[in-house]
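Just so it is clear, the values below take in all heavy atoms, side chains as well, and ignore hydrogens, waters and symmetry mates.
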Amino acid sequence: NIQGKPIPSDSQSNDLWFQHFAIVVSDMDRAYAHLRSFPIEPISIAPQTILPGNETSGGVRAFKFKDPDGHDLELIWFPPDKGQDKWHQNTNRLFLGIDHSAMSISNTEQSLHFYRDLLGMQIDSRSLNWRATQSRLDNLPGAEVKITGLRPVQDGVGIELLDYIVPGKGRPMPSDWKSCDIAHIQIELVVNNLEQLVDKLRRNGVQFVSSRIVQFSDRSFPYKQGCLVKDPDGHAILLIAE
């Protein structure tokens, strides 16, 4: 198989390989109508509105779907009192940018040790999402998920940790998935001192894909070096530095 291993076709949101990118839209109804003009595979049963009882994300509208290769994506719309300021600028654009990447994890505290304590990200929000809205959003009956939102210290894409209580943890990420597989997803994080961080990660038993720090030869790329590592559940993180 020249293309590499695909994402399993029966993949669900609680499988530990699940990871989506959330694309912010200025108008959910228009964006959803535009999307439906393409042969997409929906996950959600139409766009869903998070109920007002949810302090973190009440009023947020979202719709999950798959791209042609089976990668998971989400359209997200923020009401005026939610989301970052940059998503509320006056614009006639429909698709505004990527807000975060959400990934299923097996243990919140274990993942916080990696993302917060070792990589230095900061907790931005915590919530428990459940009821029929979450079930329709994930297409998972009775879905109940503990969500921890993290942000980089400086601006950048956030990371959401999805810790499924119901239906519980799904299947683990296969250990033989490689960077050339269609199933492979990675996030790039810009760091200040890569050598110092790599040393810290090694001391803490983090799994490395790269055997050492790699120097990039492409002069047009703004970053000079990088190192690919995995989080506790196998999600790939490319650490890059100038």
K.L.:
Taking the side chain from Gln122 and the backbone from Gly120, do they hold a donor-acceptor pair closer than 3.5 Å?
P.N.:
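Not confirmed, Gln122 side chain does not pair with Gly120 backbone.
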
K.L.:
With salt bridge (Lys or Arg N to Asp or Glu O under 4.0 Å) as the rule and sequence neighbours excluded, what pairs involving residues 199-227 come up?
P.N.:
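Every salt bridge (Lys or Arg N to Asp or Glu O under 4.0 Å) pair that includes a residue of residues 199-227, provided the two are not neighbours, is Asp199-Arg203.
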
K.L.:
Applying side-chain contact (heavy atoms from CB on, under 4.5 Å), can you list everything that pairs with Glu195, at least two apart in sequence or on another chain?
P.N.:
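By the side-chain contact (heavy atoms from CB on, under 4.5 Å) rule, Glu195 matches Asn193, Ile213, Gln225.
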
K.L.:
Could you check if a side-chain atom of Lys82 sits within less than 4.5 angstrom of a side-chain atom of Ile76, using non-hydrogen atoms only?
P.N.:
no

K.L.:
How close do Gly156 and Arg151 get, counting heavy atoms only, and between which atoms?
P.N.:
O-NH1, 3.4 Å

K.L.:
Kindly write out the residues that satisfy side-chain hydrogen bond (donor to acceptor under 3.5 Å, both in side chains) with Glu74, not counting sequence neighbours, or none if the list is empty.
P.N.:
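So Glu74 forms a side-chain hydrogen bond (donor to acceptor under 3.5 Å, both in side chains) with His20.
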
K.L.:
Check for me, please, whether Val198 and Val206 land in the same ILVMFWY cluster - side-chain distances under 4.5 Å, paths through other members count.
P.N.:
yes

K.L.:
Is the closest side-chain heavy-atom distance between Val214 and Cys227 below 4.5 Å?
P.N.:
no

K.L.:
Can you hop from Val191 to Ile187 via hydrophobic side chains spaced under 4.5 Å?
P.N.:
yes

K.L.:
Among pairs that include at least one residue of residues 117-155, which meet ring pair (Phe, Tyr, Trp, His ring centres under 6.0 Å), considering only residues two or more places apart or in two chains?
P.N.:
none

K.L.:
Using the rule that two of Ile, Leu, Val, Met, Phe, Trp, Tyr join whenever any of their side-chain heavy atoms come within less than 4.5 Å, decide whether Leu94 and Phe78 are in one cluster.
P.N.:
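Per the 4.5 Å side-chain linkage, Leu94 and Phe78 are not co-clustered.
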
K.L.:
If you count every heavy atom of other residues, nucleotides or ligands that lies below 6.0 Å from Glu55 atom CD, does the total exceed 12?
P.N.:
no

K.L.:
Can you list everything that forms a side-chain hydrogen bond (donor to acceptor under 3.5 Å, both in side chains) with Ser57? Sequence neighbours excluded, please.
P.N.:
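If we apply the side-chain hydrogen bond (donor to acceptor under 3.5 Å, both in side chains) test to Ser57, skipping adjacent residues, the hits are Asn54.
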
K.L.:
Is there a path of hydrophobic side-chain contacts, each under 4.5 Å between heavy atoms of I/L/V/M/F/W/Y residues, joining Leu73 to Ile98?
P.N.:
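Yes.
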
K.L.:
Strictly distance-based, threshold 3.5 Å: is any side-chain N or O of Ser44 a donor or acceptor partner for the main-chain N or O of Phe63?
P.N.:
no

K.L.:
Can you list the steps and then say if Tyr223 with Glu188 is a side-chain contact (heavy atoms from CB on, under 4.5 Å)?
P.N.:
CA-CA 11 Å; Tyr223 300 97; Glu188 292 182 3; 5.8 Å; no

K.L.:
Rounded to the nearest 0.5 Å, what separation is found between the CD1 atom of Ile45 and the CG atom of Asn139?
P.N.:
5.0 Å

K.L.:
Not counting sequence neighbours, which residues clear side-chain contact (heavy atoms from CB on, under 4.5 Å) with Thr108? List them please.
P.N.:
Ile105, Leu112, Lys146, Thr148, Asp163

K.L.:
Who are the side-chain hydrogen bond (donor to acceptor under 3.5 Å, both in side chains) partners of Arg36, not counting sequence neighbours?
P.N.:
Tyr32

K.L.:
Return the CG to CZ distance between Asp233 and Phe114, rounded to the nearest 0.5 Å.
P.N.:
10.5 Å

K.L.:
Hey, does Leu96 have a side-chain heavy atom less than 4.5 Å from the side chain of Gln89?
P.N.:
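The answer is no; the side chains never approach within 4.5 Å.
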
K.L.:
Taking atom types as modelled and ignoring hydrogens, do the side chains of His235 and Asp231 form a donor-acceptor contact shorter than 3.5 angstrom?
P.N.:
no

K.L.:
Testing Leu16, Ile185, Ile159, Asp72 one by one against Met103 for a side-chain contact (heavy atoms from CB on, under 4.5 Å), which residue passes?
P.N.:
Ile159

K.L.:
Verify, without hydrogens or angle tests, whether Ser104 (side chain) and Ser13 (backbone) share a donor-acceptor contact under 3.5 angstrom.
P.N.:
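Checked: pair present.
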
K.L.:
Passes side-chain contact (heavy atoms from CB on, under 4.5 Å), Val145 versus Leu128? Steps please.
P.N.:
CA-CA 6 Å; Val145 58; Leu128 181 67; over 6 Å; no

K.L.:
For Pro152, give me all partners under side-chain contact (heavy atoms from CB on, under 4.5 Å), at least two apart in sequence or on another chain.
P.N.:
Met121

K.L.:
Checking Gln186 now: which residues fulfil side-chain contact (heavy atoms from CB on, under 4.5 Å) with it, not counting sequence neighbours?
P.N.:
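By the side-chain contact (heavy atoms from CB on, under 4.5 Å) rule, Gln186 matches His184, Leu228, Ala236, Leu238.
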
K.L.:
With sequence neighbours left out, write down each residue that passes side-chain hydrogen bond (donor to acceptor under 3.5 Å, both in side chains) with Glu41, or none if nothing qualifies.
P.N.:
none

K.L.:
Would Arg171 and Asp10 satisfy side-chain contact (heavy atoms from CB on, under 4.5 Å), going step by step from the backbone distance to the final call?
P.N.:
CA-CA 11 Å; Arg171 294 162 287 181; Asp10 62 349; 3.2 Å; yes

K.L.:
Going by the ring pair (Phe, Tyr, Trp, His ring centres under 6.0 Å) test, which pairs reach into residues 152-176, not counting sequence neighbours?
P.N.:
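Checked against ring pair (Phe, Tyr, Trp, His ring centres under 6.0 Å) - neighbours excluded - no pair reaches residues 152-176.
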
K.L.:
Quick one: closest heavy-atom pair of Leu137 and Ala62, and the distance?
P.N.:
CD1-O, 3.5 Å

K.L.:
Any side-chain heavy atom of Asn204 sitting closer than 4.5 Å to one from His113?
P.N.:
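Yes; the side chains approach each other to less than 4.5 Å.
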
K.L.:
Show which side-chain atoms of residues 173-180 pair as donor or acceptor with protein atoms under 3.5 Å away, not counting sequence neighbours.
P.N.:
none

K.L.:
Tell me if a side-chain donor or acceptor on Ser135 pairs with a main-chain N or O of Ala143 at a distance below 3.5 Å.
P.N.:
yes

K.L.:
Evaluate whether atom CG of Asp117 has more than 12 neighbouring non-hydrogen atoms of other residues, nucleotides or ligands under 6.0 angstrom away.
P.N.:
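Above 12, so yes.
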
K.L.:
In terms of hydrophobic clusters joined by side-chain contacts under 4.5 Å, are Ile147 and Leu75 together?
P.N.:
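Looking at the clustering, Leu75 is in a separate group from Ile147.
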
K.L.:
Give the minimum heavy-atom separation between Arg93 and Thr91, together with the two atoms involved.
P.N.:
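Closest pair (atom of Arg93, atom of Thr91, distance): N-OG1, 3.0 Å.
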
